[in-house]
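Heads up, the thing below is written out as structure tokens.
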Amino acid sequence: MAVTVYIPAPFRRLTNNRSYVEGHGQTVAELLDDLKARYPALGDMLQGEGGDLPSHISIYVNNQEIHSLQGEATPLKDGDEVAVIPVIAGGQDLTSEQMLRYSRQIMIPDVGVAGQRKLLDARVLVVGAGGLGSPAAVYLAAAGVGTLGIVDSDELDLSNLQRQILHHTPDVGRPKVESAQETIARYNPDVRVIPYRERLDAANALEIVGQYDVVVGAVDNFDTRYLLNDASYLAGKPYVDGGVFLFEGQVTVFIPGQGCYRCLFPAPPPAEVVPKPSQVGLLGTLPGVIGVIEAFEALKLILGLGESLAGRLLIFDALAMEFRQVRTRRDPQCPLCGDAPTIRELGEYKALSSSPLAGRDEG
Amino acid sequence: MAMLAIEQRYIDEMIAHARQEAPLECCGVLGGRDGRVLKLFRATNAERSRYRYNIDSQELFRINRECEENGWQFLGIYHSHPDSEAYPSPTDVGLAFWPESLYFIVSLRDAGNPEVRAFRIRDGEITEEEIEIVRR
Amino acid sequence: MSVTVRIPTALRKITADQDRVSADGGSLSECIDALETSYPGLKERLCDESGEIRRFVNVYVNGEDVRFLQGLVTPLKDGDEVSIVPAVAGGGWA
């Protein structure tokens with residue numbers, strides 16, 4: 001097939017200053033071989049490691065970049081126009097202050113500067129700026145997660161300060177997202193906090209969740225738990241789930257397609273048997289532990305490190321100071337992520353146990 | 001080599017673009033001929049990163065095509081350094097595949113005082129060029 | 001078959017604060033009945049009126065949810081570990 005090849009300015013000195021040359025080949029790969037034979041200097045530019053096309057060269061067939069076609073196997077016909085254009089790319093490096101600030105994690109071989117950049121580029125949503133959300137947000141910020149969304153509609157109460165380390169005594173009465181933002185700024189000015197002083201609900205959840213890479217659930221009620229689970233799954237986001245009660249904590253990770261909170265617990269306890277959080281005591285160290293584990297799992301997901309808790313529920317017994325695990329699975333009958341899902345959009349989450357969304361079968 | 005004549009409005013536009021995209025890096029192309037910038041093309045940073053920019057490949061094709069049709073060259077390529085200085089990083093140098101273009105870098109390191117500087121990057125060597133501001 | 005049963009925080013008042021107890025039973029339902037005998041009131045927390053395990057409580061045998069095994073008739077052998085794990089969300093479950 002005889003095609004015309006467009007040569008951009010940077011390569012013209014290699015083709016006798018011609019902007020257009022003729023080429024032959026049934027596929028892009030064959031055309032490239034043809035070009036390499038006729039213009040060896042150009043050929044050198046098109047030769048990457050292992051003989052593959054270098055990643056900094058884009059090839060277009062009739063206006064379309066070949067990655068959206070069949071790559072180098074893209075077929076050519078007579079009269080096609082192929083363009084070979086180097087990318088326009090680059091980027092700043094970490095500042096020397098950042099290199100020092102994050103030096104203790106950059107020095108970990110599996111993290112390095114590349115990992116630190118991933119963290120700084122990452123967007124994590126923390127739903128709840130309370131007992132679980134506080135330690136989670138603090139450690140995510142300290143590690144340099146570049147964008148932290150924080151969702152909480154409440155004002156700070158004095159009794160919160162027993163455990164909610166994102167806030168301080170002078171903040172009592174203020175919206176929690178405000179004190180959260182200030183605390184995080186003092187820990188790490190690299191972090192951009194996006195505050196959501198609202199409750200997550202069916203109207204806003206998908207839009208909010210959709211803007212983040214990882215969702216960290218730090219809520220104290222089942223309604224929001226199921227809503228967040230559903231929104232994360234529908235938006236395709238990994239969801240780190242944590243909960244505490246008295247002296248016990250649970251934490252796991254849900255990757256869309258590998259199970260969700262509904263697979264684990266198809267229905268919450270009936271509203272009438274669930275005491276309000278203010279009626280159940282706990283030592284601050286309990287959500288402290290679980291919140292930090294949630295942050296850890298979020299960091300591992302961003303950095304691609306270790307084994308995530310996906311597929312396992314970690315159970316923490318603080319009195320015995322024991323961790324154990326049980327296996328979690330995707331339930332093929334799950335109404336959200338099973339084989340025949342019935343939940344395709346967010347619905348009502350009040351008094352879940354009596355709503356049609358409570359589970360597959362009504363009990 | 002030919003000096004690049006650029007109007008203040010293009011400098012202002014690069015800064016505006018950088019601020020709009022911050023904390024992510026912005027990028028774009030300055031098209032023109034005979035050493036004179038005639039159009040600023042804002043481009044989409046396909047990396048959507050604070051630490052990398054890469055002009056979306058389809059946009060690059062369109063910008064290139066429009067310049068070709070108008071008889072323009074890529075007189076300049078600009079991108080921002082939201083946090084660091086207006087100087088080519090080792091990454092910038094390693095990925096400078098358009099040696100005929102002047103590389104403009106907008107630094108937002110000092111938020112109230114953005115800085116724009118221009119560099120020729122050729123064979124791994126950086127040469128700063130003075131930016132000549134001209135009236136229309 | 002003698003198995004170890006891990007008791008969640010929420011139920012320890014019923015088991016005199018023990019976080020693990022022993023029970024006998026060839027199947028999970030026999031084990032639950034045995035637990036009820038030793039710790040009256042436990043079964044009613046675990047199971048509803050029809051005798052099925054409540055949907056906000058999971059029971060695991062050796063780390064596997066019995067919903068994916070044989071439910072209440074999941075067989076047990078000596079040394080197995082049964083875990084009772086309720087859903088928790090701050091408020092928990094009275």
Side-chain angles (χ1 to χ4, degrees), chain A residues 6-13 19-20 45 54-69 81-99 101 113-123 144-147 189-194 211 213, chain B residues 22-25 27-29 41 43 45-65 67-68 72-101 103 105-109 121-122:
Chain A
Y6 168 76
I7 306 291
F11 293 155
R12 283 178 198 155
R13 61 192 167 86
S19 323
Y20 288 92
M45 301 301 282
S55 57
H56 65 264
I57 307 273
S58 297
I59 304 207
Y60 306 80
V61 175
N62 298 333
N63 311 352
Q64 277 221 277
E65 215 275 328
I66 58 173
H67 285 118
S68 61
L69 301 169
E81 184 173 304
V82 174
V84 180
I85 307 183
V87 298
I88 293 185
Q92 68 177 355
D93 289 329
L94 298 183
T95 63
S96 49
E97 190 182 309
Q98 287 168 334
M99 289 297 290
R101 174 184 284 274
V113 171
Q116 188 58 52
R117 283 205 217 104
K118 281 189 202 166
L119 290 172
L120 285 160
D121 272 342
R123 303 172 60 99
V145 168
T147 304
D190 282 346
V191 177
R192 176 176 57 149
V193 172
I194 302 185
Q211 296 173 48
D213 304 319
Chain B
L24 305 183
E25 296 195 359
C27 50
V29 172
F41 295 88
N45 176 359
E47 298 283 342
R48 293 199 71 232
S49 165
R50 215 156 159 162
Y51 298 98
R52 280 290 175 276
Y53 78 93
N54 191 334
I55 292 188
D56 174 85
S57 58
Q58 286 302 140
E59 276 187 34
L60 177 56
F61 185 88
R62 272 198 334 264
I63 293 171
N64 187 264
R65 179 73 7 134
C67 286
E68 282 290 339
W72 299 337
Q73 295 95 47
F74 285 5
L75 293 184
I77 289 169
Y78 73 89
H79 77 279
S80 60
H81 283 183
D83 309 301
S84 55
E85 59 169 342
Y87 195 83
S89 68
T91 307
D92 289 336
V93 174
L95 294 174
F97 298 115
W98 296 75
E100 297 302 322
S101 309
Y103 280 85
I105 301 180
V106 181
S107 168
L108 299 178
R109 184 170 50 157
I121 305 176
R122 219 169 222 159

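On a predicted model such as this, the values are computed, not experimentally measured, just so you know. Lettering follows sequence order; numbering is per chain, from 1.
Contacts with chain A were tallied for B/Ser101, B/Cys27, B/Pro23; B/Pro23 has the most, counting heavy-atom pairs under 4.5 Å. Comparing B/Ser80, B/Ser57, B/Ala96 by heavy-atom pairs within less than 4.5 Å of chain A, the highest count is held by B/Ser57. Considering only heavy-atom pairs separated by less than 4.5 Å from chain B, the leading option among A/Ala9, A/Ala89, A/Ser96, A/Pro10 is A/Ala89. Annotation: maximal heavy-atom pairing with chain A below 4.5 Å, among B/Ile105, B/Asn45, B/Val93, B/Ile55, occurs at B/Ile55.
The two residues B/Tyr51 and A/Leu120 make their nearest non-hydrogen contact at OH-CD1, 3.1 Å. Across every non-hydrogen atom of A/Asp93 and B/Pro90, the tightest pair is OD2-CD, 2.9 Å. Taking all atoms of both residues into account, the shortest heavy-atom contact from B/Trp98 to A/Val87 is NE1-O, 3.3 Å. A/Asn63 approaches B/Arg65 most closely through the heavy-atom pair OD1-NH1, 4.2 Å. A pairwise comparison of heavy atoms in A/Gly91 and B/His79 identifies N-NE2, 4.3 Å as the closest pair. When every heavy atom of B/Ser84 is checked against every heavy atom of A/Gln92, the shortest pair comes out as OG-OE1, 2.8 Å.
In this structure, the portion of B/Val29 lying under 4.5 Å from any heavy atom of chain A is its side chain and not its backbone. Only the side chain of A/Tyr6 comes within contact range of chain B, judged by heavy atoms closer than 4.5 Å. Heavy-atom distances place the side chain of B/Glu25, and not its backbone, under 4.5 Å from chain A. Neither the backbone nor the side chain of B/Pro88 has a heavy atom closer than 4.5 Å to any heavy atom of chain A. When heavy atoms are compared at a cutoff of 4.5 Å, B/Glu47 does not approach chain A at all. Contact of B/Tyr103 with chain A is not made at all, since no heavy-atom distance falls under 4.5 Å. Of the two parts of A/Arg13, neither the backbone nor the side chain holds a non-hydrogen atom closer than 4.5 Å to a non-hydrogen atom of chain B. Residue A/Glu97: no heavy atom, backbone or side chain, is found under 4.5 Å from chain B. In this structure, chain B has a heavy atom under 4.5 Å from the side chain of A/Arg192, while its backbone stays farther away.
Under the 3.5 Å distance criterion, with hydrogens and angles disregarded, a donor-acceptor pair is assigned to the side chains of A/Asp121 and B/Ser49.
Atom CD1 in A/Ile85 sits 4.0 Å away from atom CG in B/Asn64 (nearest 0.5 Å).
Ring geometry, A/Tyr60 versus B/Phe61: the interplanar angle falls from 30° to 60°, so the pair is classed tilted.
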